[in-house]
Visitor: 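Sharing a structure here in structure tokens format.
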Amino acid sequence: MTADAPIAAFDAGLAPVTDLAGVGPALAQALERLGLVRIQDLWFHLPLRYEDRTHVTAIRDLRIGSNALVEGRVEAVERGFRYRPQLRVAISDDTRATLILRFFHFRGTQVAQLVPGTRLRCYGEIRHGSQGLEIVHPQYQRLAEDEVGVVEDRLTPVYPTTEGLGQKRLAGVIARALDRLPPAAALELIPPRLLEPLGLADLRQALLTVHRPPPDVDQAALAAGTHPAQRRLAFEELLTHHLVLKRLRAQIRRHASPRLAGGGTLPATLLARLPFQLTRAQRRVVDEVGADLAQAQPMLRLVQGDVGSGKTIVAALAALVAIEAGHQAAVMAPTELLAEQHLRAFRGWLAPLGIEPVWLGGKVLGKARAVALDAVAGGAPLVIGTHALMQEAVRFARLGLAVIDEQHRFGVHQRLALRDKGLAEGRVPHQLVMTATPIPRTLAMTAYADLDVSVIDELPPGRTPVQTVVISNARRHEVIERIRAACLAGRQAYWVCTLIEESEQLEARAAEVAHAELTAALPELKVGLVHGRLKPKEKAQAMQAFADGDLHVLVATTVIEVGVDVPNASLMVIENAERLGLAQLHQLRGRVGRGRTASSCVLLYRPPLGGLARARLDVMRETTDGFRIAEKDLELRGPGEVLGTRQTGQIAFRVADLVRDASLLPAVQRIAADLAADTPERVERLIERWVGGAARYAGA
Ligand code: ADP
Ligand code: MG
């Protein structure tokens, strides 16, 4: 092993921002709200995007959706009050085309300045308005009659900022900080012997490029986040993230956990009573979990398994190990519906063994809640619920195992909170995290670097693969006939309504409309409805009726996405399938094909289909393998679709994108291991640099 040169003891980046000219207490306070305390925080406060003010675009040449700098003369001004006050200003230029500037907030003085004939220069996003092209709330300035507006000679970075701190001011401070960047060798924290073989750009140059893109920069690459400068930064950010998770893991693992290894009587009893045999993959994962539980160090294990692979029984067996050893087990799911489903499954399996779960959903209130809390504090063996389990008032007597389902809906912080729940006598519970998000292995190793990963890579036998067809909405009536035929033959069907807007209300309305349509078209069938705006009891009733076979068709919004299990349902129709990502489509489709009858999935789309949407639906038609689908998603993906922040819930990167930058991950893992082993002081500095205060918080 060659020793690396020591890193510079003096570090210009560690000086406080107040060292910079013009940064007084008020500005320093605003900067601190952004986590910018030291000069290096400013170096690594990276632009979110860029604005192009390097040239004026003729109004005739404007493109919808792009941002543009436009110059023109005010033609007409109109103040309206239809729904709310608004101001519309029409401008035109030499190309005789018109652009509307629309304002919803404005002052009288502003209106007075915008008289017809005034020359304006404005910047903003070009949209399609009711009267043609428009910009809502453009940035603008008035130009004197003979004034030539300045154009920038390079792209303008746009930084994440906070109220009361304008872009200009922030950019000015960052520029002054950049003037203090040390020479390349002093800035570098990754030893050259590790870095050089990767052929990445120089860090100092990379920072200067993203903050001050040169006029001839490859703009498309910069916009896509694939410029070599961004890749260099993404590499270091991913590396640091990986190191943070590893450190978090090490910190948790320093605590003790109870050794959970009973005689195995309870698990054996459950296994003997099951109507099925575990798959080989399930047995392997049960063994891996069992080995972890027997240690005096906390288990930190992720069980990954495709929809329907049978993760729940693995969790139940782990819970029995904990219970037999005299400890409590908690099972936490991200939605009420899913938690209730677990309650039913666990109750069915464990009640015959004399173990009655305590239910702690979000809607358990008043006296019922007090009773549940007492039971938990009194050592009830098994508790099932939602995030309500993590509230302050919930005290466990001897929490030995925390099972967390569908991890992508929870963040790391919530997992930490649950860990702290068990922190009695300095001992922390074992953690078992389950996810159906089929992430390719390299991604998993970075996204979950704090966890060991077990994979259930086999489905229970006797399942016939789901047949998938892609059908235009124009043939909707045929699909409805298909439902009629299937249900009259004794099967059941889901009809799933999806909307692109993240609005529960709109989605609920769409489901109500579809419900009315199907009820009218299928008078001989019973059609139920479940959506997020129903009361939990109504939801549960509808689900139960469907599970009991009292309903033929269940119209649902994406609330059924996770966990629902009705083996007799063999037909699923997904409306507006073209709008969903592959991961979500796969999850939804996993609701059918759980019984012995051949199942099918109809992906209804509204034409015309875009190229990417078409490609996605083709993938769905061709394969039912979650891992293949995840790989395809990687190839096709829209940014962050496979593993966006929404899914991981915890990772907000500045430049990196786990999917886009996936090819960097093997090097990240290799170098992280090397750095952690050989040069811990460099690790600390990297974490300071990229995560700063946040890491100190998370590591507390
Ligand atoms: P998921 O991994 O999606 O959470 P579940 O745990 O809900 O899947 O299991 C799906 C269904 O398969 C359940 O009805 C469960 O009882 C059943 N199941 C689990 N393991 C097996 C097995 N080895 N053989 C047959 N059925 C199984
Ligand atoms: Mg499940």
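Both ligands and their constituent atoms are indexed starting at 1 by order of listing. Keep in mind that what you see is a predicted model, and the values were worked out from it rather than measured.
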Visitor: Considering the heavy atoms of Q277, write down every atom of ligand 1 situated less than 4.0 Å from one of them.
Guide: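 Those of ligand 1 that fall under 4.0 Å from Q277 are 22 (C), 23 (N), 24 (N).
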Visitor: Looking only at heavy atoms of G308, does any of them come nearer than 4.0 Å to an atom of ligand 1?
Guide: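 True for this residue.
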Visitor: Test of understanding: given a 4.0 Å heavy-atom threshold, classify the contact between T279 and ligand 1 as side chain, backbone, both, or neither.
Guide: both
Visitor: Taking the non-hydrogen atoms of D405, is any one of them nearer than 4.0 angstrom to ligand 1?
Guide: no
Visitor: To check you understand the geometry: which heavy-atom pair defines the closest contact between D306 and H586, and what is its length?
Guide: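 The answer is OD1-NE2, 2.5 Å.
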Visitor: Where does Q282 meet ligand 1, judged by heavy-atom distances below 4.0 Å: at the side chain, the backbone, both, or neither?
Guide: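 Answer for Q282: side chain.
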Visitor: Please find the pair of heavy atoms, one from I384 and one from A339, that lie closest to each other, and give the distance.
Guide: CG2-O, 3.7 Å
Visitor: Going by the order shown, which atoms of ligand 1 are within less than 4.0 Å of some heavy atom of L278?
Guide: 23 (N)
Visitor: Is it the case that more than 12 heavy atoms not belonging to E512 sit under 6.0 Å from its CD atom?
Guide: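 Yes, CD of E512 has more than 12 neighbouring heavy atoms, counting only those of other groups under 6.0 Å.
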Visitor: Is I313 in polar range of ligand 1, meaning some N or O pair under 3.5 Å apart?
Guide: no
Visitor: Quick test of your reading of the model: are R280 and D457 salt-bridged, counting only N-O distances below 4.0 Å?
Guide: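 So R280 does not pair with D457 through a salt bridge.
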Visitor: Inspect the contact between R476 and E575 and indicate whether a charged nitrogen and a carboxylate oxygen are less than 4.0 angstrom apart.
Guide: yes
Visitor: Considering only heavy atoms, does I456 approach ligand 1 within less than 4.0 Å through its side chain, its backbone, both, or neither?
Guide: neither
Visitor: Please could you name the atoms of ligand 1 that T312 approaches to less than 4.0 Å, counting only its heavy atoms?
Guide: 4 (O), 5 (P), 6 (O), 7 (O)
Visitor: State whether R284 and D287 are salt-bridged, where the test is any N-O pair (Lys NZ or Arg NE/NH1/NH2 against Asp/Glu carboxylate O) under 4.0 Å.
Guide: no
Visitor: Look at E578 together with R614 and state whether they make a salt bridge at an N to O cut-off of under 4.0 Å.
Guide: no
Visitor: Under 4.0 Å from a heavy atom of D306: which atoms of ligand 1 are those, numbered in the order shown and with their elements?
Guide: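 Near D306, the atoms of ligand 1 are 2 (O).
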